[in-house]
Amino acid sequence: MSENIRLSAVKFGADGLVPVVTQESRSGDVLMVAYANREALDRTLSTGLAHYFSRSRGRLWQKGETSGHVQRISEVRLDCDGDAVLYRVEQTGTACHTGTRTCFSTVLGGEAGQRVSGDGAQEDPGGHLLSRLAHTLASRAVDKPEGSYTAELLAGGVGKASQKVGEEAVEVVVAANSEDDERLASEAADLLYHLLVLLQARDVPLDAVWKELERREKRQE
């Protein structure tokens, strides 16, 4: 299918632009929102690198053209009404010009949408539940709060964390063969938690696991 035929389904606005939501392909995290015109979409599809149109500068631009933080396209999707586009990308470096991993580092809250964080910005822990849990575990490793089970496990090092993973794995097997679904789900949650603690103890980021799973997925294609 030619690029022109594919782009004919896109409903550009009166200004010739369409909003683009950019999502990290591995974690599913939303990295940024920008705009693209027909040429930007055409270049994105033909080069495999994310291109956008800058409304403030009035020109086409490639993400990472100066910073080197390029976005390699995994997939481009069109929404059901044809008036918004999704880029799924492999992000190199950070996505935001401020140096944060995503552009969504300002936390809003309250009925009037007040800023909750003191300075209005903090690193986004990610949208995936496991990513947020890994972020919390990393904080425990640094802060070492008194009475924290996680901090106690991490203080025991890789040996202690490994032992707990082994124990929890056995409990999952037992639950799978002799207990109800709720119990199995509970034991599986315990295993995932302790596995993340072990990764933290070894300083292996969760993203390394996502990358390996992604590599295996591609191998099956």
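Quick note: numbers below take in every heavy atom, side chains included, and nothing from hydrogens, waters or symmetry partners. Since we're looking at a predicted model, the values are computed, not measured.
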Using side-chain heavy atoms (C-beta onward) and a distance below 4.5 Å, is [X] in contact with [Y]?
X: V76; Y: L45; result: yes
X: L191; Y: V165; result: yes
X: L31; Y: Q91; result: yes
X: L41; Y: V18; result: yes
X: L198; Y: S162; result: yes
X: L153; Y: K164; result: yes

Hits for side chain to side chain donor-acceptor pair (under 3.5 Å) against Y193, two or more places apart or cross-chain, chain-then-number order -> T150

Between the side chain of [X] and the main-chain N/O of [Y], is any donor-acceptor distance below 3.5 Å?
X: H194; Y: L192; result: no
X: H69; Y: T94; result: yes
X: H135; Y: S131; result: no
X: S46; Y: D42; result: yes
X: T100; Y: C96; result: no
X: S25; Y: S74; result: no

Are there more than 12 heavy atoms of other residues, nucleotides or ligands under 6.0 Å from atom [atom1] of [X]?
X: R202; atom1: CZ; result: no
X: D180; atom1: CG; result: yes
X: E212; atom1: CD; result: yes

Taking only residues two or more places apart in sequence, or in another chain, which ones meet K11 in a salt bridge (Lys or Arg N to Asp or Glu O under 4.0 Å)? none

Tell me every residue that passes salt bridge (Lys or Arg N to Asp or Glu O under 4.0 Å) with R140, counting only those two or more places apart in sequence or in another chain.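 Salt bridge (Lys or Arg N to Asp or Glu O under 4.0 Å) list for R140, sorted by chain: empty.
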
Starting from the C-alpha separation in whole Å, work towards a yes-or-no answer on side-chain contact (heavy atoms from CB on, under 4.5 Å) for L129 and L133. CA-CA 6 Å; L129 178 59; L133 178 55; 5.6 Å; no

For Y87, all residues meeting ring-ring contact (aromatic ring centres under 6.0 Å, His included), sequence neighbours excluded: Y52

Could you tell me which residues satisfy ring-ring contact (aromatic ring centres under 6.0 Å, His included) with H128, sequence neighbours excluded, listed by chain and number? W210

Is a side-chain donor-acceptor pair under 3.5 Å present for Q71 with T92?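 There is no such pair (donor and acceptor under 3.5 Å, judged by atom type) between the side chains of T92 and Q71.
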
Once rounded to the nearest 0.5 Å, what's the spacing between atom [atom1] of [X] and atom [atom2] of [Y]?
X: L154; Y: L137; atom1: CG; atom2: CG; result: 7.0 Å
X: R38; Y: L7; atom1: CZ; atom2: CG; result: 5.5 Å
X: I73; Y: T22; atom1: CD1; atom2: OG1; result: 7.5 Å
X: Q200; Y: T136; atom1: CD; atom2: OG1; result: 10.5 Å
X: L86; Y: Q23; atom1: CG; atom2: CD; result: 5.0 Å
X: L206; Y: R26; atom1: CG; atom2: CZ; result: 10.5 Å

With the threshold set at 4.0 Å, does a side-chain nitrogen-carboxylate oxygen contact exist between [X] and [Y]?
X: R101; Y: D29; value: yes
X: K211; Y: E214; value: no
X: K160; Y: E152; value: no

F53 to N37 - nearest heavy-atom pair and separation: CD1-ND2, 3.2 Å

May I have all residue pairs that pass salt bridge (charged side-chain N to carboxylate O under 4.0 Å, His left out) and include part of residues 58-82, sequence neighbours excluded? R59-E65, E75-R77, E75-R88

Hey, mind stepping through L130 and L196 against side-chain contact (heavy atoms from CB on, under 4.5 Å) and telling me if it holds? CA-CA 8 Å; L130 290 181; L196 288 178; 4.0 Å; yes

